[in-house]
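Below is one structure, written out as structure tokens; the observations come after it.
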Number of protein chains: 2
Amino acid sequence: MIIKVKLVNALNEAYDALNDLLVKLFNNILTYEEKALITDEFKDISLNDMHVIEVIGLSQKKNMSSIAKSLEVTVGTLTIAINNLVKKGYVKRMRSAKDRRVVLVSLTEKGTDAYKHHEVFHDEMIKAIMKRLEGEQLDVLVKALNSVQDFFKTKNQD
Amino acid sequence: MIIKVKLVNALNEAYDALNDLLVKLFNNILTYEEKALITDEFKDISLNDMHVIEVIGLSQKKNMSSIAKSLEVTVGTLTIAINNLVKKGYVKRMRSAKDRRVVLVSLTEKGTDAYKHHEVFHDEMIKAIMKRLEGEQLDVLVKALNSVQDFFKTKNQD
DNA sequence: TCGATATACTTTGATTATCAAAGTAAAGTT
DNA sequence: AACTTTACTTTGATAATCAAAGTATATCGA
């Protein structure tokens, strides 16, 4: 009887801890990330801009539609974001020669620097998390995060 | 030698998985939550509105400053949010009798319903996560999420 | 090959969230 | 009573967002 009560208490504690952590993380993660990411060197861009830069990436040129799809925004919204990034010198626009309707977007040198800055930030974060977990604990975390994602996916089955 | 390589590979896999999951979750969690939360019944409020409702809470009346502080926005921003919620019937405004500068805010019946709806959503989410984890796996998740939070806190030591 | 349709993107008009700074009213201080 | 502080609202500006209208180019069907 006592054992059962203890178990239930432990579960309740975990429940409360999880609830608390998830609420705080969800509500503040973007603000936190923005503050941590947008430093002196890249203070003229927003976290949003950084996500656009992240999706454009280092490899090949990307067209507007595919970037908008990755970011889950309309192409109109993206046009405005790209206008800003071009004005600030992070991004280049080019018309495709093959199909002149298509706009090809790529990072300038400055944009590439910003991309790498972001990458380092992610790397630090993941290493900070991994440092405290060992062996199968990592797998547990991955599994748990997948659960979070699955939960939202099944909730949003459009 | 081979063992070492295998270990390193496993770590790299965990690294990539974590990176992927965290990036997706961070970038989309608010959109996901909004879609999952703002249903037919409460379709005239945003996720932002819901967070205001969450902070106001069920217990006692709260003044503007304390709500703004919890939400980490300026009081001016909150004024606008509260204007909207009052207009839509989720929130009541009252002047404090003791100190007539102070505005006391509380939930209407409709606001209370919305609060409970949000609570159920969180409950479902946490139960969905907990269902798949057993025993100490829960502790691992809590620990890992704390690491994430600590990482941001130390990064943002303003 | 021409006209209709589709595609890729930009522009426009509207809404929401946000801040800093100025404004208003009440309370506290000297 | 005059000055300062506090609690909030208002104002003006900016950013992100969407839907819908507009523009230019490509494709398809007759």
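So you know, we letter chains A, B, ... as the sequences are listed, proteins then strands, and number each from 1. Values below: every heavy atom of this structure, side chains too, minus hydrogens, waters and symmetry copies.
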With a non-hydrogen cut-off below 4.0 angstrom, is B:Ser65 in contact with a base, only sugar-phosphate, or nothing? sugar-phosphate
Taking atom types as modelled, find out whether B:Asn63 and B:Arg101 have a side-chain donor-acceptor pair closer than 3.5 angstrom. no
What do the steps show when you test A:Lys61 against A:Val105 for side-chain contact (heavy atoms from CB on, under 4.5 Å), and what is the final call? CA-CA 5 Å; A:Lys61 291 158 184 124; A:Val105 168; over 6 Å; no
Between A:Asp49 and B:Thr77, which is nearer to the 5' end of DNA chain D once each is assigned its nearest nucleotide? B:Thr77
Flag yes if more than 12 heavy atoms outside B:Arg100 fall under 6.0 Å of its CZ atom; otherwise flag no. no
d(NZ, B:Lys69; C1', D:dA7) in whole Å: 15 Å
Can you measure B:Asn63 atom CG to D:dC8 atom C1' for me and round it to whole angstrom units? 10 Å
Just the rounded figure in Å: distance from P of D:dA7 to NZ of B:Lys98. 14 Å
With a 4.0 Å cut-off on N to O distance, would you call A:Asp123 and A:Lys127 a salt bridge? yes
Between CG of B:Leu141 and CG of B:Leu133, what distance do you get to the nearest 0.5 Å? 6.0 Å
By nearest-heavy-atom nucleotide on DNA chain C, the more 5' of A:Asp99 and A:Asn83 is A:Asp99
Nearest-Å distance, CD (A:Glu72) to C1' (D:dC18)? 15 Å
Could you pull out the closest heavy-atom pair between A:Ile53 and A:Gly111, with the gap in Å? CG2-O, 3.8 Å
Distance check needed: D:dA24 C1' versus A:Met64 CE, whole Å only. 15 Å
Polar pair under 3.5 Å, donor/acceptor by atom type, side chain B:Arg101, base D:dT6: yes
Closest-nucleotide 5' rank along DNA chain D - winner of A:Leu47 and B:Ile80: B:Ile80
In the 5' to 3' direction, the nucleotides of DNA chain C bounding the stretch that comes under 4.0 Å of a heavy atom in chain B are C:dA17 to C:dA27
Quick one: B:Lys62 NZ to D:dC8 P, roughly how many Å, whole number? 14 Å
Under 4.0 Å, heavy atoms only, any strand: does B:Val102 hit a base, just the sugar-phosphate, or nothing? sugar-phosphate
Name the nucleic acid region contacted by A:Arg95, choosing base, sugar-phosphate or nothing; use a 4.0 angstrom heavy-atom cut-off, strictly under. nothing
For the pair made of CE in A:Met50 and P in D:dA16, what is the distance, rounded to whole Å? 13 Å
Rounding to a whole Å, what distance do you find between A:Lys87:NZ and D:dA15:C1'? 11 Å
Give me the ring orientation class for B:His118 and B:His122: parallel if the planes are under 30° apart, tilted from 30 to 60°, perpendicular past 60°. tilted
